[in-house]
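Heads up: the structure comes next, in structure tokens.
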2 protein chains.
Amino acid sequence: MTVHQSFQAPSPAPASWMAPQVAAALHDPRPLAFFPAGAEVYAQGETAGDLYQVEFGAVRVYRLLADGRRQISAFHLAGEVFGFEAGDTHHFFAETITACGIRVLRPSTGLGLADVLLPVALQVLVRAQEHLLVLGRQAAVERLAAFLVDMAERQGGHLQVELPMSRTDIGDYLGLTIETVSRVLTRLKQKGVIRLPNLRSVDILKPQALRALAC
Amino acid sequence: MTVHQSFQAPSPAPASWMAPQVAAALHDPRPLAFFPAGAEVYAQGETAGDLYQVEFGAVRVYRLLADGRRQISAFHLAGEVFGFEAGDTHHFFAETITACGIRVLRPSTGLGLADVLLPVALQVLVRAQEHLLVLGRQAAVERLAAFLVDMAERQGGHLQVELPMSRTDIGDYLGLTIETVSRVLTRLKQKGVIRLPNLRSVDILKPQALRALAC
DNA sequence: CGAGATCTTGATCTGACTCAAGAGTCGTGG
DNA sequence: CCACGACTCTTGAGTCAGATCAAGATCTCG
């Protein structure tokens with residue numbers, strides 16, 4: 001990982017989702033790294049071990065096929081932890097989408113740390129498994145609906161959703177082409193389900209209808 | 001979970017993949033339950049907590065949409081552990097495919113158990129994430145190839161693969177219809193890549209070709 | 001041997017992809 | 001502040017992989 005800028009920040013309150021013990025077990029203060037948009041946090045094949053907590057900004061985690069097809073397995077927003085690996089090398093790439101502040105966690109230093117990390121890892125697992133249902137069995141409209149509902153919930157359940165990622169990213173997350181993403185959003189707009197005030201935000205006008213589509 | 005038959009078995013050697021500490025931490029001997037084919041191990045909404053280790057047989061873990069569409073998120077073969085959950089209720093269904101012997105693990109009794117379970121959970125996570133790539137970005141032939149390669153590897157890397165599951169199960173795992181699964185297998189047979197001695201087994205004749213398809 | 005379930009094969013349909021062009025957005029520099 | 005250029009996004013037309021619908025064939029097991 002290339003650290004673009006790093007310093008000892010005054011310990012902020014742990015993100016709300018994080019049990020107090022997590023912060024304790026991880027020995028705050030932990031190094032905080034700043035990344036510009038589009039920077040690599042780690043690459044496939046690199047040595048794994050550290051975990052990363054997004055302080056602000058957004059990150060994409062993805063795999064590539066030999067011919068360039070890309071599958072984004074997850075987006076990570078402020079407060080979320082990523083970087084879990086089964087072996088000692090990364091199977092995925094992680095890149096910032098926007099400028100990011102990322103706190104580096106060093107699990108190796110903690111005793112009994114797994115007790116604290118297991119729930120976080122399981123949360124990531126459940127999310128991946130829900131994503132399987134979307135990719136395996138849902139139509140394009142349903143995928144977009146599920147995506148928007150998920151993003152809304154992760155941003156505090158508000159009806160104004162910020163989308164830090166491009167249409168290409170959304171397509172590669174949902175297993176669709178950029179054109180299909182665009183067309184479906186247009187159709188949802190025409191049906192009055194959403195509004196698109198600008199390219200990077202969505203207003204949910206009919207949450208009920210969206211939820212029904214997402215099943 | 002409905003236990004169909006249960007008794008204290010003489011402690012067998014732990015499955016080869018399992019670190020010795022796992023068995024120790026889990027306090028062998030553990031209850032062994034027998035299930036007939038098609039039995040429910042747990043259902044969505046049930047209280048979670050226990051883990052399950054397949055002793056023999058095969059299990060499918062899946063979710064359902066309201067209209068009956070099904071996505072199988074994983075098959076579990078002998079030696080593998082399933083039942084991980086993020087909260088205290090199951091988000092998935094687990095059913096036996098064949099008659100099964102399943103060892104019930106009680107994580108609540110172990111101190112420092114998470115250190116031992118985390119690697120197992122991470123293994124499940126990585127498998128789910130690889131599955132995302134298959135469902136999101138691969139064509140039908142590639143999905144079948146990846147599936148056959150995976151099943152072969154999990155059965156000791158032999159070129160004779162047993163498929164305990166039906167074509168419907170394979171379709172619901174790969175996000176395809178049963179007809180497409182059947183057609184693709186036929187095409188692979190015609191190209192001499194595989195042989196289909198009977199409905200539940202596959203001989204891999206050209207492992208190189210299959211691997212190339214699976215990317 | 002027979003009946004039901006499972007699997008294969010064929011014909012047709014369709015949702016999403018591909019290819020192509022135009023519109024909007026953003027950052028830069030004059 | 002506007003003009004320019006490079007992206008990114010939207011929209012349209014045509015195509016195609018996989019779904020759906022519909023028979024048959026094969027397997028399983030009492």
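In the text below, chain A, chain B and the rest are named by the order of the sequence lines, each starting its count at 1.
Across B:A152 and B:H158, no two heavy atoms sit closer than the pair CB-O, 3.7 Å. Closest heavy-atom contact between A:S73 and B:Q129: OG-NE2, 4.2 Å.
B:R154 CZ: more than 12 foreign heavy atoms inside a 6.0 Å radius.
Residue B:G175 is classed as a sugar-phosphate contact, given heavy-atom separations below 4.0 Å to backbone atoms only.
Of the two residues contacting DNA chain C, namely A:V141 and B:M165, the nearest-nucleotide position lying further toward the 5' end is that of B:M165.
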Under-3.5 Å N/O pairs linking protein and nucleotides 24-29 of chain C:
none

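Interface residues of residues 178-195 of chain B facing DNA chain D, ordered by number: B:E179, B:T180, B:R183; criterion, heavy-atom separation under 4.0 Å.
The CG atom of A:L176 sits 14 Å away from the P atom of D:dT10 (whole-angstrom rounding). With rounding to whole Å, B:Q138 atom CD is found 20 Å from C:dA16 atom P. Rounded to whole Å, the distance from CZ on A:R137 to C1' on D:dG18 is 11 Å. Look at CG on B:L174: it is 14 Å from C1' on D:dG18, rounded to the nearest Å. Protein atom CG of B:D67 is 11 Å distant from nucleotide atom P of D:dT20, rounded to whole Å. Nucleotide C:dT6 holds its P atom 13 Å from the CG atom of B:D172, rounded to whole Å. Taking atom CG on B:D169 and atom P on C:dA5, their separation rounds to 16 Å, with Å as the unit. Protein atom CD1 of B:I170 is 12 Å distant from nucleotide atom C1' of C:dT6, rounded to whole Å.
Taking the charged nitrogens against the carboxylate oxygens, B:D169 and B:R70 do have a contact shorter than 4.0 Å, which makes a salt bridge.
You'll find the ring centres of B:F75 and B:Y173 inside the 6.0 Å limit. For A:Y52 and A:Y42, the distance between ring centers is under 6.0 angstrom.
For B:T177, a side-chain nitrogen or oxygen approaches OP1 or OP2 of D:dA19 to under 4.0 Å. The phosphate of C:dT6 (OP1 or OP2) has no side-chain N or O of B:R200 nearer than 4.0 angstrom.
Pairs engaging residues 180-207 of chain A under the ring-ring contact (aromatic ring centres under 6.0 Å, His included) rule: none recorded [sequence neighbours left out].
Judged by distance alone, with hydrogens and angles left aside, the side-chain atoms of A:N198 form a donor-acceptor pair with the main-chain N or O of A:R200 at under 3.5 Å.
Side-chain contact annotation: B:H91 with B:Q44, donor-acceptor N/O pair under 3.5 Å absent.
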